[in-house]
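As structure tokens, the structure follows; a few thoughts come after it.
These numbers come from the heavy atoms of this one structure, side chains and all, not from hydrogens, waters or symmetry mates. Atoms within each ligand, like the ligands themselves, are counted from 1 in listed order.
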Amino acid sequence: YHAKESGASVTFFHSDMLEKAQQRFNIEQDLGYALELNQLSLVYQPICKGENVLHFESLLRWQHPEIGAISPMTFIPIAEDTNQIHIIGRWVLAQVCQLLGYWQAQSNDFNYPGITVNVSAKQLVSPAFISFVETLIKQNNITPYKLGLEITESTLMEDEQASAQALQSLRKAGVRLYLDDFGTGYSSLSLLGEYVFDVIKIDRHFITNVTDSDKSSTKLCAAMIQLARTLEMDVVAEGVETEEQLEWLTHQGDVSIQGYLKSRPLPVEDLIHWHPACKMPKRLEGRHETPKV
Ligand code: C2E
Ligand code: MG
Ligand code: MG
Ligand code: MG
């Protein structure tokens, strides 16, 4: 007697699933052409000390012709599953290194901001990754520590031994290593002991409530900043949105600030407003100006 009702809900369930699968399939396929068709771009978010920018974090953007903007939270996991992350990740690294090389060639001092790149687990442990990074650094004549690599805890858990080895090699190459989304993984503390990171980035979920002194997340956040200081690591607070959060963080000591309060992620042409060395190159190579389909 409920046949009609349940029938309807089953139908709905199936078409919903189908739609999701279909959507995913299209995204997967379309992502394969996104680079060639010039749909991917990078934006850069300032990481600040006081009024000055220390670094920018590079963040991927995908402008899909029909769907519009698709979040990296959606398409990066798909790119990881399908191995497209290798091509996309290499493109990101190449873009960033070219930009750094340009800034370095243009500036009289070495005081210009560095840039960080997010690195997926699969990229980090792929055999060619280290030599690719080293080649880019050489080719673009970059001071290695201007390039930062952001690695999340979950990335390291996927293949601990290979990750540890890759991180050692990257250290030797002289790039700055950032532990991203700190505090959200399973074994944050042991990771700090085993690997040598230069910087920890405290996840924004800890920052949201820091003005509420009763919250355990606030106490944890204070403790994480202390811990970083003890281990002589730099700290970045992610997702700082309010003056109150900024004030609390400043009170904790030497913390770099990233978040909408300072700036949203910006297109490359706007970076000059943050530092005179951050000029936009006339053309970045490998930008796929002409689509070759
Ligand atoms: P993430 O590395 O933790 O990057 C920080 C995210 O927080 C960015 O989201 C940034 O736009 C956002 N954000 C910055 N300030 C604020 C704030 O004040 N409030 C709030 N609510 N959010 C803020 P986005 O750009 O959507 O990127 C999401 C994630 O996608 C990144 O998280 C990163 O894990 C991944 N991703 C982005 N670009 C790349 C890439 O080139 N390669 C790889 N492998 N992953 C990437
Ligand atoms: Mg990051
Ligand atoms: Mg993060
Ligand atoms: Mg995050």
Side-chain angles (χ1 to χ4, degrees), residues 31 34-35 39-48 53 55-63 68-97 99 114-126 129 132-133 136 147-156 158 163 166 176-185 188 197-211 221 224 234-246 249 255-268:
L31 191 53
L35 256 185
Q39 294 165 3
L40 296 186
S41 61
L42 287 169
V43 287
Y44 301 86
Q45 188 176 31
I47 299 173
C48 301
V53 59
H55 308 272
F56 295 99
E57 176 175 13
S58 64
L59 294 160
L60 260 174
R61 293 293 176 261
W62 181 14
Q63 188 65 32
I70 302 176
S71 163
M73 308 264 262
T74 304
F75 72 80
I76 292 287
I78 296 173
E80 286 169 348
D81 284 354
T82 57
N83 281 322
Q84 288 163 320
I85 192 65
H86 294 293
I87 294 175
I88 293 171
R90 279 200 289 269
W91 178 80
V92 172
L93 270 166
Q95 292 286 302
V96 165
C97 288
L99 189 55
I115 305 178
T116 67
V117 173
N118 291 287
V119 175
S120 295
K122 275 196 175 167
Q123 286 176 274
L124 183 68
V125 301
S126 90
F129 182 70
F132 184 71
V133 171
L136 281 177
L147 177 65
L149 299 181
E150 298 198 7
I151 293 144
T152 61
E153 292 173 64
S154 47
T155 297
L156 298 172
E158 271 188 38
S163 300
R176 277 168 77 83
L177 296 176
Y178 290 64
L179 186 51
D180 201 358
D181 301 344
F182 185 70
T184 58
S188 317
F197 285 95
D198 301 282
V199 187
I200 66 171
K201 300 188 73 173
I202 298 178
D203 195 73
R204 71 180 159 84
H205 294 102
F206 291 96
I207 309 299
T208 315
N209 293 315
V210 286
T211 43
C221 190
M224 284 191 268
D234 291 329
V235 185
V236 175
E238 291 188 309
V240 180
E241 293 182 349
T242 69
E243 288 290 347
E244 291 74 25
Q245 291 165 351
L246 176 64
L249 287 160
V255 178
S256 303
I257 303 297
Q258 179 179 10
Y260 297 162
L261 179 68
K262 288 289 177 190
S263 171
R264 300 231 162 209
L266 302 166
V268 65

Handout entry: Arg204 and ligand 1 - part of the residue with a heavy-atom distance under 4.0 Å
Key = side chain
Fill in the blank from the handout: Among N, O or S atoms, Glu238 approaches the Mg ion (ligand 3) most closely through OE2
Practice task
Using a 4.5 Å cut-off on heavy atoms from C-beta on, say whether the side chain of Val240 contacts that of Lys262.
Solution key: no
Practice task
Could you tell me whether the side chain of Leu60 reaches within less than 4.5 Å of the side chain of Trp91, counting heavy atoms only?
Solution key: yes
Practice task
Enumerate the atoms of ligand 1 whose separation from the nearest heavy atom of Ser120 is less than 4.0 angstrom.
Solution key: 44 (N)
Exercise for the section: Indicate the atoms forming the closest heavy-atom contact of Arg204 with Gly239, along with that distance. Expected result: CB-CA, 3.7 Å
Handout entry: Atom name, Asp181 (N, O or S, nearest to the Mg ion (ligand 3))
Key = OD1
Practice task
Working to the nearest 0.5 Å, report the span between CG of Asp180 and CZ of Phe197.
Solution key: 10.0 Å
Exercise for the section: Using a cut-off of strictly less than 2.8 Å, determine whether Asn118 has an N/O/S atom near the Mg ion (ligand 2). Expected result: yes
Handout entry: Proximal ligand 1 atoms for Pro265, defined as those under 4.0 Å from one of its heavy atoms
Key = 11 (O)
Problem - Polar proximity ligand 1 side, Asp180 side, N/O cut 3.5 Å exclusive - result: yes
Exercise for the section: Ignoring angles and geometry beyond distance, decide whether Gln258 reaches within less than 3.5 Å of ligand 1 through its nitrogen or oxygen atoms. Expected result: no
Exercise for the section: For the Mg ion (ligand 2), find the closest N/O/S atom on Glu57 and give its atom name. Expected result: OE2
Practice task
Could you pull out the closest heavy-atom pair between Pro46 and Arg264, with the gap in Å?
Solution key: CD-O, 4.0 Å
Problem - Structural part of Glu57 in contact with ligand 1, heavy atom criterion under 4.0 angstrom - result: side chain
Exercise for the section: Could you pull out the atom name of the N/O/S atom in Glu150 that is nearest the Mg ion (ligand 2)? Expected result: OE1
Practice task
Between Ile76 and ligand 1, find which residue part has any heavy-atom pair under 4.0 Å and reply side chain, backbone, both or neither.
Solution key: side chain
Fill in the blank from the handout: If we number the atoms of ligand 1 from 1 as shown, the ones under 4.0 Å from a heavy atom of Glu238 are 3 (O)
Exercise for the section: Please confirm whether Arg61 comes under 4.0 Å of ligand 1, counting heavy atoms of the residue only. Expected result: yes
Practice task
Over all heavy atoms of both residues, which pair between Glu153 and Phe182 is shortest? Give the atoms and the distance, please.
Solution key: OE2-CA, 3.5 Å
Exercise for the section: Under 4.0 Å from a heavy atom of Gln45: give me the atoms of ligand 1 that qualify, with their elements. Expected result: 14 (C), 15 (N)
Fill in the blank from the handout: Residues passing the ring-ring contact (aromatic ring centres under 6.0 Å, His included) test with Phe75, sequence neighbours excluded, are Trp62
Handout entry: Non-hydrogen side-chain atoms of Pro72 and Leu59 separated by less than 4.5 Å
Key = no
Practice task
For ligand 1, note which part of Asp203 has a heavy atom under 4.0 Å away: side chain, backbone, both or neither.
Solution key: neither
Practice task
Measure across Leu42 and Ser58 and return the closest heavy-atom pair with its distance rounded to 0.1 Å.
Solution key: CD2-CB, 4.3 Å
Exercise for the section: Check each atom of ligand 1 against the heavy atoms of Val240 and keep those under 4.0 Å away; list them by number with element. Expected result: 18 (O)
Practice task
Compare every heavy atom of Ser263 with every heavy atom of Gln45, then report the nearest pair and how far apart it is.
Solution key: NE2-O, 2.9 Å
Handout entry: Glu241 neighbourhood, listing ligand 1 atoms whose heavy-atom distance to it stays under 4.0 Å
Key = 17 (C), 18 (O), 19 (N), 20 (C), 21 (N)
Exercise for the section: Specify the closest pair of heavy atoms between Ile200 and Met224, including all atoms of both residues, with the distance to one decimal. Expected result: CD1-O, 4.1 Å
Practice task
Output all residues satisfying salt bridge (Lys or Arg N to Asp or Glu O under 4.0 Å) with Arg176, sequence neighbours left out; order by chain, then residue number.
Solution key: Asp234
Problem - Asp180: its N/O/S atom lying closest to the Mg ion (ligand 2) (atom name) - result: OD2
